[in-house]
Number of protein chains: 2
Amino acid sequence: MTSKPAQFDELDRKILAALIANARTSFNEIGATVGLSATAVKRRVDKMREADLITGFTATVRPSALGWRTEAYVEVYCDSAAPPRRLAEVVRNYPEIVAAMTVTGGADALLHVRATDVGHFEEVLERIRTEPFIRKTISYMVLSHLLTGSSEAAGGAAAGDAANPR
Amino acid sequence: MTSKPAQFDELDRKILAALIANARTSFNEIGATVGLSATAVKRRVDKMREADLITGFTATVRPSALGWRTEAYVEVYCDSAAPPRRLAEVVRNYPEIVAAMTVTGGADALLHVRATDVGHFEEVLERIRTEPFIRKTISYMVLSHLLTGSSEAAGGAAAGDAANPR
DNA sequence: TATGAAACTTAGAAGCA
DNA sequence: TGCTTCTAAGTTTCATA
């Protein structure tokens, strides 16, 4: 192993931004933009993948085009005895839960839920509420997105440049 | 224009799932999986892109590897006079806001914020609170993600199959 | 209208200077 | 790091059902 943790420089940032904008941009094209040969770009990308900085490449989809038209955030309140591990197991059983995390504040966890429609969401919510250690839930239905093209507005897509989280 | 909206079938679903799992899967490989030639797969992908069902291809990144280690959800309460449009403009000025939406419930909007550390987050929060029509904010810091590999845990990556929103 | 095979073109991978 | 070769994938055209 080398001593250097393969530092991330400005060139890498630009390459990353190009790949986030369009994962199919050719190394040649990226190289032309950042002033590097295609080979050099490839090597840097390989390193970023090795470093697990780039975790993969995916297609970005519009959930509404697939029929997922309802979205909500759900605060979950648990019995004090329930450990986060337990909640993680439960959450995995719901394909409608696209994100789940423990949070500060009154609630124990926050769930990001997608459903086809309000009826579907209600059904999911009722199932969640019957989970043994869940005491109560508070739902916030998403009305409209204020950030179009945002990763989460697109429902799991990435956009933006490497200098920014989105 | 044709009368048919180019219906989405099971084959498309499988192709989409393969591309979401890995956008660099070759058409040939996908074809072998779904029982189609590479040419046919490409044509279906082209159609899905035209239909804006597939909105693009991106690299998935681990925000923490880029130094974005703090994450929070912020409820925003506005003066009753403030229209959502106005909020949308404001939100665009903050690269730290990775998602923003109007929601049901007491708050007018919910922001998903990423920052490098708690100090950075506090600074962002203070800036947001000085925006003219914002009355108050309530923050929920994300402690840990319960769904690893989830799009949002990865901070803007997509994963899963087309039958599911994630 | 959708498909598959073949020809053609471009990009990616590997080795070398 | 960049250049060149080799290989593999994407792209286009054509014929077919």
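Numbered from 1 within each chain, the chains take letters A, B, ... in sequence-line order. Atoms considered below: every heavy atom in the structure, side chains included; atoms not considered: hydrogens, waters and symmetry mates.
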Practice problem: Dump the intermediate steps for salt bridge (Lys or Arg N to Asp or Glu O under 4.0 Å) on A:Glu10 and A:Lys14, then the final yes or no. | Solution: CA-CA 6 Å; A:Glu10 187 62 14; A:Lys14 285 182 182 173; 5.2 Å; no

Quiz item: With a 4.5 Å heavy-atom cut-off, do B:Val74 and B:Ile128 have their side chains touching?
Solution: no

Practice problem: On DNA chain D, check which nucleotide each of B:Ser26 and A:Val41 is closest to and give me the residue with the more 5' one. | Solution: A:Val41

Practice problem: Specify the separation, in whole Å, of atom CG of B:Asp46 and atom P of D:dG10. | Solution: 11 Å

Exercise. Over all heavy atoms of both residues, which pair between B:Ala23 and B:Phe57 is shortest? Give the atoms and the distance, please.
Key: CB-CD2, 3.7 Å

Quiz item: So, does the side chain of B:Arg24 form a donor-acceptor pair with the base of C:dG12 at under 3.5 Å?
Solution: no

Quiz item: How close or far is atom C1' of D:dG10 from atom CZ of B:Arg44, stated in whole angstroms?
Solution: 19 Å

Quiz item: What integer distance in Å separates B:Leu11:CG from C:dT1:C1'?
Solution: 15 Å

Quiz item: Counting only side-chain N and O atoms of A:Lys42, is one of them less than 4.0 Å from OP1 or OP2 of C:dG12?
Solution: no

Quiz item: What residue among A:Leu19, A:Asp52, A:Thr55, A:Leu16 forms side chain to side chain contact (heavy atoms under 4.5 Å, CB included) with B:Val61?
Solution: A:Leu16

Practice problem: Please work out if A:Thr39 contacts a base, only the sugar-phosphate, or nothing of the nucleic acid, heavy-atom cut-off 4.0 Å. | Solution: base

Quiz item: Heavy-atom distance under 4.5 Å between the side chains of A:Val45 and A:Ile30, does that happen here?
Solution: no

Quiz item: What's the CZ-P distance between A:Arg43 and C:dG12, to the nearest Å?
Solution: 14 Å

Exercise. Could you check which residues of residues 27-36 of chain B get a heavy atom under 4.0 Å from DNA chain D? Sort them by number, please.
Key: B:Phe27

Exercise. Of all the heavy-atom pairs spanning B:Ala109 and B:Leu87, show the shortest one and how long it is.
Key: CB-CD2, 3.4 Å

